[in-house]
Peer 1: 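Here you go, one structure.
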Amino acid sequence: MPDVGSTALVSMPWNSVLRPSIQVGTLRSVAEAEGWHVDAHYAYLDFYGLAQRMLGLTQDEWADAYELVSEKLYHLAVGDWIFACRSGDSARRDAYFAELRARRVDEAAISLIDALREVADRHVQETSAALLASGPDVIGFTSMFSQNGPTLAVAERLRSGGYTGVIVLGGSNCEGPMGRALLANYPAVDAVVDGPGEDAFVALLRQVQAGEPVRSQGRLITRTAPPQGQEAGRAPEESLQVPMPNYDGFFEQLRAAGLHKLEPDITLPVEFSRGCWWGAKTHCTFCGLNGATMKYRSKHPDAVADELRYMMDRYGVLDFFAVDNILDLKYLDTALPLVEKLNTDHSLFFEVKANMEWADIRGMRRAGVRSVQPGIESLSTEGLRLLKKGATAFQNVRFLLGCAEYGVRADWNILTGYPNETPESITAQLDLVASLTHLTPPHITLIRFDRFSPYVENPESYGLALSRPLPGYQYVYAGLSPEDLWDIAYHFEGDFTDDSRNTDIRRRLAARVRLWRTHHDRASFTYRLGFDSVALHDHRPGLPPREVVLRGDDARLFRAVIGGTRHRDLQGQEWTGERWDQALTTLHNWQRNRWVYTEGTKIIALAVREKPSAYRTPPAKGTPRLARTPIPLTLTVRQ
């Protein structure tokens with residue numbers, strides 16, 4: 001054993017080629033801090049370039065094909081299967097393709113999948129050969145989403161090629177029973193990491209450096225038990241340190257793979273928090289994230305601007321993707337104002353909770369947050385209650401309007417098909433979406449039952465009976481027993497009593513959203529403020545086009561409902577007595593015109609400012625929602 005160990009960190013397809021793997025980048029920083037030599041392999045880049053050449057596709061054609069496999073067909077385990085069934089076994093191939101056809105996958109997609117098997121086989125050979133040639137003491141694979149199939153294929157090829165070092169897997173595919181099932185069924189793998197990997201990887205490196213056989217320690221799980229008296233429990237979360245990821249070498253590998261044309265579109269992943277402060281309070285019924293730990297903890301606020309500044313300077317990239325499950329609300333007053341002071345034209349993406357003030361949205365945009373994924377999930381207050389989202393339809397609509405007002409793109413979903421969903425909750429959304437076609441359209445998503453979610457952990461509480469893992473798993477892991485297949489799966493099918501009326505209404509909702517997505521570019525509903533007037537321009541598909549100028553009391557009333565308010569707040573201003581009766585009649589007329597949205601006594605204008613600006617004064621805070629509950633955070637002390 002050399003004095004200084006060497007490790008290779010590998011990320012296989014189907015990671016996005018527009019981002020370096022943050023897992024590889026973070027563990028590289030961890031290993032180098034331990035004095036190890038690190039070779040980072042962004043192997044998905046090699047695969048991407050190889051496949052484009054072998055298939056003879058243009059850059060755009062292959063980009064669409066890669067997205068089809070990695071994203072659109074992910075639920076059918078296509079990416080895993082391509083690597084798990086690279087050659088031979090025609091019966092297994094035919095059975096899988098029959099399953100795809102039954103799921104309405106077209107022949108062009110099936111031909112692509114079939115052709116990619118040869119690409120996958122060659123990629124496994126080349127990746128294994130490169131790793132064998134460098135001969136690292138430890139090879140660490142990060143595995144999430146569709147990376148199990150590619151990772152196991154290379155691990156087994158390495159063993160057949162004579163590799164005798166340590167192979168360890170980590171990532172979300174290894175949490176809980178999933179990682180233990182991988183370890184039990186694939187002898188090529190020596191260890192898995194259950195949850196956050198920094199401390200476990202250090203423990204592994206130190207064991208190898210000392211010449212010891214690898215053994216379980218904390219989150220590091222092996223086939224060898226820890227010494228007597230040392231439990232293989234989880235490390236305490238307070239000790240978690242998250243170093244800045246090291247992406248050195250990513251751009252060289254990008255160019256070596258012939259992908260230099262992608263450089264302008266590269267987005268760097270960053271991480272400022274782990275866990276979910278909302279989930280720690282109330283776990284959303286469908287959410288399977290944070291299987292290892294829900295407890296929320298974030299970096300020191302100063303670290304956000306420091307890391308962004310460092311990465312912009314080192315890598316020349318201005319676009320960043322935060323992998324945090326949810327934005328730390330304290331950052332709105334601490335970290336993000338410091339980011340704004342960088343005075344750079346960067347962009348940031350965050351996942352956020354949708355019950356935010358417009359002032360918070362404005363603050364995010366001024367700090368460079370140009371896109372968000374809000375946990376909206378439904379435009380029905382009843383549905384949101386069933387999903388335990390802790391929000392209302394009014395708050396979700398208000399958030400979408402705030403994003404449009406200040407120029408933040410919201411990428412959001414409507415979930416449907418979940419237990420206890422009612423026809424009324426779907427119908428309410430069907431009616432509402434016709435009013436919102438000028439806002440960013442959502443995706444319609446049928447619920448899946450994910451490991452670690454309340455639906456899977458306590459299915460009987462929701463009248464749900466889990467039936468089997470999603471069907472793709474049986475084709476990827478053809479030799480596993482039903483018990484092991486259940487343990488290795490993340491997504492499951494389930495049976496529950498569904499109202500017979502729901503199917504038709506869901507179909508109508510999906511069709512309405514498809515129309516929204518199709519016609520969104522031509523939809524607009526804007527306002528312009530004059531001194532004593534408001535000009536409205538309404539050109540939403542399916543509604544009468546209108547060009548209206550409101551004056552006097554009508555103009556003042558419309559101004560008052562921009563950003564949302566309550567009836568009692570209006571009555572506390574100038575609308576009292578007979579004037580309130582007249583204002584209420586006007587509001588009802590506007591509701592019929594779909595100019596405003598109301599929920600109970602709350603009301604909000606649906607038009608957005610003609611030209612969004614992050615420097616516009618927001619409405620007063622605190623309307624119409626309860627005060628924000630203080631969130632206790634554990635901050636990492638900066639050294």
Side-chain angles (χ1 to χ4, degrees), residues 69-81 84-85 92 95-105 109-110 113 144-149 172-173 175-182 185 283-289 291 377-378 383 386-388 413-422 425-426 443-507 509-510:
V69 174
S70 62
E71 299 287 343
K72 297 178 181 178
L73 297 179
Y74 160 72
H75 62 291
L76 296 173
V78 168
D80 281 311
W81 183 87
C85 198
R92 183 179 172 190
Y96 183 60
F97 286 173
E99 179 74 40
L100 295 183
R101 292 185 178 99
R103 302 279 173 162
R104 300 182 180 179
V105 178
I110 290 175
I113 294 165
M144 57 189 299
F145 299 114
S146 298
Q147 291 181 309
N148 265 1
S172 58
N173 285 342
E175 291 189 18
M178 298 184 292
R180 287 160 177 80
L182 288 171
N185 288 279
H283 196 168
C284 299
T285 60
F286 58 90
C287 181
L289 301 177
E377 321 306 354
S378 178
L386 290 171
L387 296 170
K388 297 187 178 179
N413 299 305
I414 292 178
L415 287 180
T416 189
Y418 49 85
N420 303 311
E421 188 177 25
T422 66
S425 69
I426 310 172
H443 301 275
I444 289 282
T445 305
L446 279 173
I447 201 78
R448 284 198 304 261
F449 304 116
D450 294 348
R451 188 180 294 280
F452 308 122
S453 71
Y455 279 146
V456 172
E457 296 297 306
N458 299 290
E460 63 282 351
S461 300
Y462 305 95
L464 172 66
L466 299 177
S467 52
R468 62 170 182 167
L470 287 190
Y473 289 108
Q474 64 182 308
Y475 300 99
V476 173
Y477 307 101
L480 266 59
S481 68
E483 294 78 15
D484 284 332
L485 196 64
W486 192 278
D487 285 343
I488 214 166
Y490 183 73
H491 305 294
F492 299 88
E493 292 182 340
D495 298 317
F496 57 90
T497 301
D498 193 25
D499 192 301
S500 60
R501 296 169 291 175
N502 284 346
T503 300
D504 179 63
I505 308 174
R506 287 185 189 119
R507 188 179 297 115
L509 178 60

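The figures here come from the full heavy-atom set of this structure, side chains too, leaving out hydrogens, waters and symmetry mates.
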Peer 1: Could you go step by step and tell me if F449 and L466 meet the side-chain contact (heavy atoms from CB on, under 4.5 Å) rule?
Peer 2: CA-CA 8 Å; F449 304 116; L466 299 177; 4.1 Å; yes
Peer 1: Could you measure the distance from the CG atom of N185 to the CZ atom of R180? Nearest 0.5 Å is fine.
Peer 2: 14.0 Å
Peer 1: So Y477 and W81, ring-ring contact (aromatic ring centres under 6.0 Å, His included) or not? Walk me through it.
Peer 2: CA-CA 9 Å; Y477 307 101; W81 183 87; over 10 Å; no
Peer 1: Does E175 use its side chain to pair, donor to acceptor, with the backbone of S172 at less than 3.5 Å?
Peer 2: no
Peer 1: Could you walk me through whether M144 and Y490 pass side-chain contact (heavy atoms from CB on, under 4.5 Å), step by step?
Peer 2: CA-CA 10 Å; M144 57 189 299; Y490 183 73; over 6 Å; no
Peer 1: Do N148 side-chain atoms and D80 backbone N/O form a donor-acceptor pair below 3.5 Å?
Peer 2: no
Peer 1: What are the two closest heavy atoms between N173 and L182, and how far apart are they?
Peer 2: O-CD1, 3.8 Å
Peer 1: Between C284 and P454, what is the shortest heavy-atom contact and its length?
Peer 2: O-CD, 3.3 Å
Peer 1: Looking at V476 and A84, what are the two nearest heavy atoms and their distance?
Peer 2: O-CB, 3.7 Å
Peer 1: Do Y418 and F286 have their ring centres less than 6.0 Å from each other?
Peer 2: no
Peer 1: Would you give the length of the straight line joining atom CD1 of I426 to atom OG1 of T416, rounded to the nearest 0.5 angstrom?
Peer 2: 4.5 Å
Peer 1: To the nearest 0.5 Å, what is the distance between OG (S481) and CG (D487)?
Peer 2: 8.0 Å
Peer 1: Without swapping roles, check the side chain of Y473 against the backbone of H491 for a donor-acceptor pair under 3.5 Å.
Peer 2: yes
Peer 1: Under the 3.5 angstrom rule, does the side chain of N502 hit a backbone N or O of E421 as a donor-acceptor pair?
Peer 2: yes
Peer 1: Which value, rounded to the nearest 0.5 Å, describes the distance between E457 atom CD and H283 atom NE2?
Peer 2: 8.5 Å
Peer 1: Would a distance-only check, ignoring hydrogens and angles, find a side-chain to backbone donor-acceptor pair under 3.5 Å from N413 to L415?
Peer 2: no
Peer 1: Could you check F496 against Y462 for ring-ring contact (aromatic ring centres under 6.0 Å, His included), going step by step and ending with a plain yes or no?
Peer 2: CA-CA 8 Å; F496 57 90; Y462 305 95; over 10 Å; no
Peer 1: If the condition is salt bridge (charged side-chain N to carboxylate O under 4.0 Å, His left out), which residues does R103 pass it with, not counting sequence neighbours?
Peer 2: E99, E493
Peer 1: Is there a side-chain contact between L76 and L470, using heavy atoms and a 4.5 Å cut-off?
Peer 2: no
Peer 1: Show, in sequence, the C-alpha distance, side-chain angles and deciding distance for I444 and L509, and conclude whether the side-chain contact (heavy atoms from CB on, under 4.5 Å) test is met.
Peer 2: CA-CA 9 Å; I444 289 282; L509 178 60; 4.0 Å; yes
Peer 1: Under 30°, 30 to 60°, or over 60°: which ring-plane class applies to F145 and Y74, parallel, tilted or perpendicular?
Peer 2: perpendicular
Peer 1: Can you check whether L73 reaches I113 side chain to side chain, under 4.5 Å on heavy atoms?
Peer 2: yes
Peer 1: To the nearest 0.5 Å, what is the distance between OH (Y96) and CZ (R101)?
Peer 2: 12.0 Å
Peer 1: Ignoring hydrogens and angles, tell me if any N or O in the side chain of R92 forms a donor-acceptor pair with the backbone of Y475 under 3.5 Å.
Peer 2: yes
Peer 1: Looking at S467 and G494, what are the two nearest heavy atoms and their distance?
Peer 2: OG-N, 3.8 Å
Peer 1: Any side-chain to backbone donor/acceptor pair from R451 onto A489? Under 3.5 Å, distance only.
Peer 2: yes
Peer 1: Would you compute the distance between atom CD of E377 and atom OG1 of T445 and round it to the nearest 0.5 angstrom?
Peer 2: 8.0 Å
Peer 1: Of the non-hydrogen atoms in S378 and G383, which two are nearest, and what is the gap between them?
Peer 2: OG-CA, 4.3 Å
Peer 1: Is R506 salt-bridged to D498, going by a charged N under 4.0 Å from an acidic O?
Peer 2: yes
